[in-house]
There are 2 protein chains.
Amino acid sequence: MSLNAIELRQLRYFVAVVRQRSFRGAAAVVHVSQPPLTRQVQQLEDALGVQLLIRGSKGVELTPAGATFYTGACNILDLMDQAVARARLAGSGHLGRLDVGVFGSAVLDAVPRIIVAFRTLYPHVEVVLHNMDREHQVQALRERRITIGFNRFFRDEADLTWETLLTEPMLVAVPSGHPLASRAELSIDDIASEPLVFYPRVERPQGFTHYLMRMFHTRNMTPNIVQDVDDVVTAVALVSSGLGLCLVVESARNLQLPGVSYVRLRREDEVQFDLSMIWRTDDHSPLLRAFLEVARG
Amino acid sequence: MSLNAIELRQLRYFVAVVRQRSFRGAAAVVHVSQPPLTRQVQQLEDALGVQLLIRGSKGVELTPAGATFYTGACNILDLMDQAVARARLAGSGHLGRLDVGVFGSAVLDAVPRIIVAFRTLYPHVEVVLHNMDREHQVQALRERRITIGFNRFFRDEADLTWETLLTEPMLVAVPSGHPLASRAELSIDDIASEPLVFYPRVERPQGFTHYLMRMFHTRNMTPNIVQDVDDVVTAVALVSSGLGLCLVVESARNLQLPGVSYVRLRREDEVQFDLSMIWRTDDHSPLLRAFLEVARG
DNA sequence: ACCGGATGATACGGAAGAGGCATCACATCC
DNA sequence: GGATGTGATGCCTCTTCCGTATCATCCGGT
């Protein structure tokens with residue numbers, strides 16, 4: 001019957017016979033007796049409609065067609081092993097692609113550290129970073145364009161889970177020549193009248209700037225904002241040029257721009273920000289679990 | 001049982017299920033009922049130790065591992081089809097590699113024509129030409145380094161078969177300024193006293209030069225050899241420079257060097273040479289048969 | 001020239017596996 | 001809440017695969 005579909009068993013037997021140049025020898029290798037080998041190779045030849053082996057009295061020899069099919073069969077068997085191995089790796093989270101949403105100052109310190117740690121543990125996972133703000137992260141999570149997001153101030157959502165990764169104190173970026181630059185720490189009062197580089201206040205409630213503004217308002221102060229900038233790097237660059245002071249999270253200390261000193265805010269002021277990560281609650285993929293474990297340290 | 005080897009049937013079913021996003025839909029495609037699909041995919045997952053599909057109430061969905069394995073499975077099935085097609089092509093002589101031994105003047109006309117004709121009929125056969133003399137061809141045939149050889153004066157050998165392809169008349173290559181260059185044809189007598197570019201006479205009996213020398217000796221003449229050269233192209237180049245005349249086979253007419261005229265030898269002199277091809281008698285490969293058929297026209 | 005030992009091919013009986021049918025458990029939609 | 005869709009399960013039949021024993025050949029040593 002040439003209607004019979006070719007099965008991997010036939011390839012395995014055929015390859016063994018070719019490698020051993022003998023049916024009997026191959027029988028020992030594949031742990032079967034010799035007759036099944038003969039039959040399976042016959043069926044293979046029938047299905048192909050081509051003779052693959054020349055049976056001699058002291059072994060077998062390949063026909064030209066047999067030689068070309070042999071290389072193909074080897075490739076297929078190799079690919080099979082690879083596919084199995086890769087599937088198992090993917091099943092344990094060691095292979096695949098992880099899309100991560102990041103935003104602003106989160107990328108300055110904690111996230112890179114986590115990514116590096118993860119990549120050394122899971123070298124075959126392709127980690128792709130997407131820069132997007134909080135709302136876009138939530139949307140991208142729902143659309144499965146990212147698997148996990150990093151940000152601050154996540155709201156509780158029905159289908160998402162978030163978890164605080166770490167809490168960062170605030171620093172004040174001060175131009176090096178400024179009188180306050182040499183202080184060991186600063187209070188809110190110290191900087192209230194100083195020129196400030198600030199962030200756009202059009203953000204949604206519970207945002208970063210919303211929180212900062214409330215900090216001033218609860219003390220009945222109004223910050224002296226001289227410039228709005230929508231990302232930390234540019235803000236610190238303006239501090240570097242002497243335009244004013246700027247409130248940043250501690251991660252920003254990694255921005256080593258010339259002429260910028262970082263001074264802590266007084267602990268008593270309790271000004272600190274969470275860095276959180278968020279993912280789909282129903283996502284049980286091994287990749288996410290593995291990544292979360294690394295992120296939690 | 002994870003001892004079970006994975007078979008192609010399982011890949012075919014799995015791929016069908018993924019493509020249809022449904023077991024029942026896939027059942028129609030692969031012409032089986034739905035329960036076997038369920039079972040085969042279960043066995044596949046058992047063998048891998050990894051869940052590949054998420055069964056929902058309105059179809060199935062791939063896990064990350066399933067997606068990884070799916071691409072692998074598709075590759076394997078494609079490769080399988082290719083391997084089958086290639087084996088069938090090879091079985092009919094339409095695929096493979098043909099090593100051809102050629103020598104000297106044989107490559108100037110007849111062999112290129114045959115090669116070109118063969119390559120248009122069998123475009124997927126890789127034809128490799130090896131330049132080697134007669135004795136090396138015989139040796140290479142026995143060692144299977146070549147499949148067929150072209151040459152003149154093959155001796156009968158027990159394990160080899162040869163066949164005359166065509167018979168070429170001899171020409172005389174004459175410098176264009178020479179008095180004989182304008183003649184319609186020449187006889188042996190005409191050239192006996194002329195300066196001749198000739199070929200090394202150290203060759204084995206039954207060789208090309210041996211035959212040429214006998215041609216003179218039977219007429220009680222001695223050629224006036226002014227230079228020995230071991231290949232036709234160089235010989236004609238020397239004719240081009242006016243050093244002397246040279247006996248060549250008709251194929252050499254393709255050598256269009258400036259200042260060289262070709263004049264026929266008189267038919268009565270019956271000076272002509274066979275071009276033969278030789279192969280292993282026990283070689284029944286479809287490639288050789290196909291090539292012989294093309295060569296014979 | 002013959003016999004021993006190797007090769008692959010074949011015949012037959014039993015066991016494992018695949019497929020089909022009927023059915024179940026569950027979710028979704030109208 | 002029933003109708004209809006999904007995949008999973010149990011049971012039976014039939015195919016197919018495997019193992020033992022045997023055969024037909026060929027090669028090599030004596």
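Model, not experiment: these values are computed from the prediction. Numbered from 1 within each chain, the chains take letters A, B, ... in sequence-line order.
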note = Taken to the nearest whole Å, CG/Leu53(B) to P/dT6(D) is 15 Å
key: ring pair (Phe, Tyr, Trp, His ring centres under 6.0 Å): pairs with one or both residues in residues 27-55 of chain B, sequence neighbours excluded   = none
task = Verify whether one side chain among Thr38(B) and Gln42(B) offers a donor that lies under 3.5 Å from an acceptor in the other.
result = no
ask   = What pairs with Phe14(A) under ring pair (Phe, Tyr, Trp, His ring centres under 6.0 Å), at least two apart in sequence or on another chain?
value = Phe69(A)
inquiry  = My understanding is that only residues two or more places apart in sequence, or in another chain, count here; which of them pass side-chain contact (heavy atoms from CB on, under 4.5 Å) with Asp283(B)?
reply    = Thr147(B), Arg280(B), Ser285(B), Leu288(B)
For His94(B), all residues meeting ring pair (Phe, Tyr, Trp, His ring centres under 6.0 Å), sequence neighbours excluded = Tyr122(B)
request  = Tell me, please, which residues at least two apart from Thr281(B) pass side-chain contact (heavy atoms from CB on, under 4.5 Å).
outcome  = Thr161(B)
request  = Would you kindly give the CD-to-P distance between Glu61(A) and dG8(C), to the nearest whole Å?
outcome  = 13 Å
key: Between dT16(D) (C1') and Ile6(A) (CD1): distance, integer Å   = 17 Å
request  = Quickly work out the Ile54(B) CD1 to dA8(D) C1' distance and round it to whole Å.
outcome  = 17 Å
Base-contact (B) and sugar-phosphate-only (S) positions in nucleotides 17-30 of chain D, heavy-atom cut-off under 4.0 Å, - elsewhere = SBBBB----SS---
key: Atom-pair distance (CG on Asp46(B); P on dA18(C)), nearest Å   = 12 Å
query = Reckon Gln42(B) has a side-chain N or O less than 4.0 Å from the OP1 or OP2 of dG7(D)?
reply = no
query = Could you state the CD-C1' distance from Glu45(A) to dA9(C), rounded to the nearest angstrom?
reply = 13 Å
message = Looking at dT10(C), I'd like to know if its phosphate oxygens (OP1 or OP2) sit under 4.0 Å from a side-chain N or O belonging to Thr38(A).
response = no
Rounded distance (Å) that lies between atom C1' of dA18(C) and atom CG of Leu8(B) = 16 Å
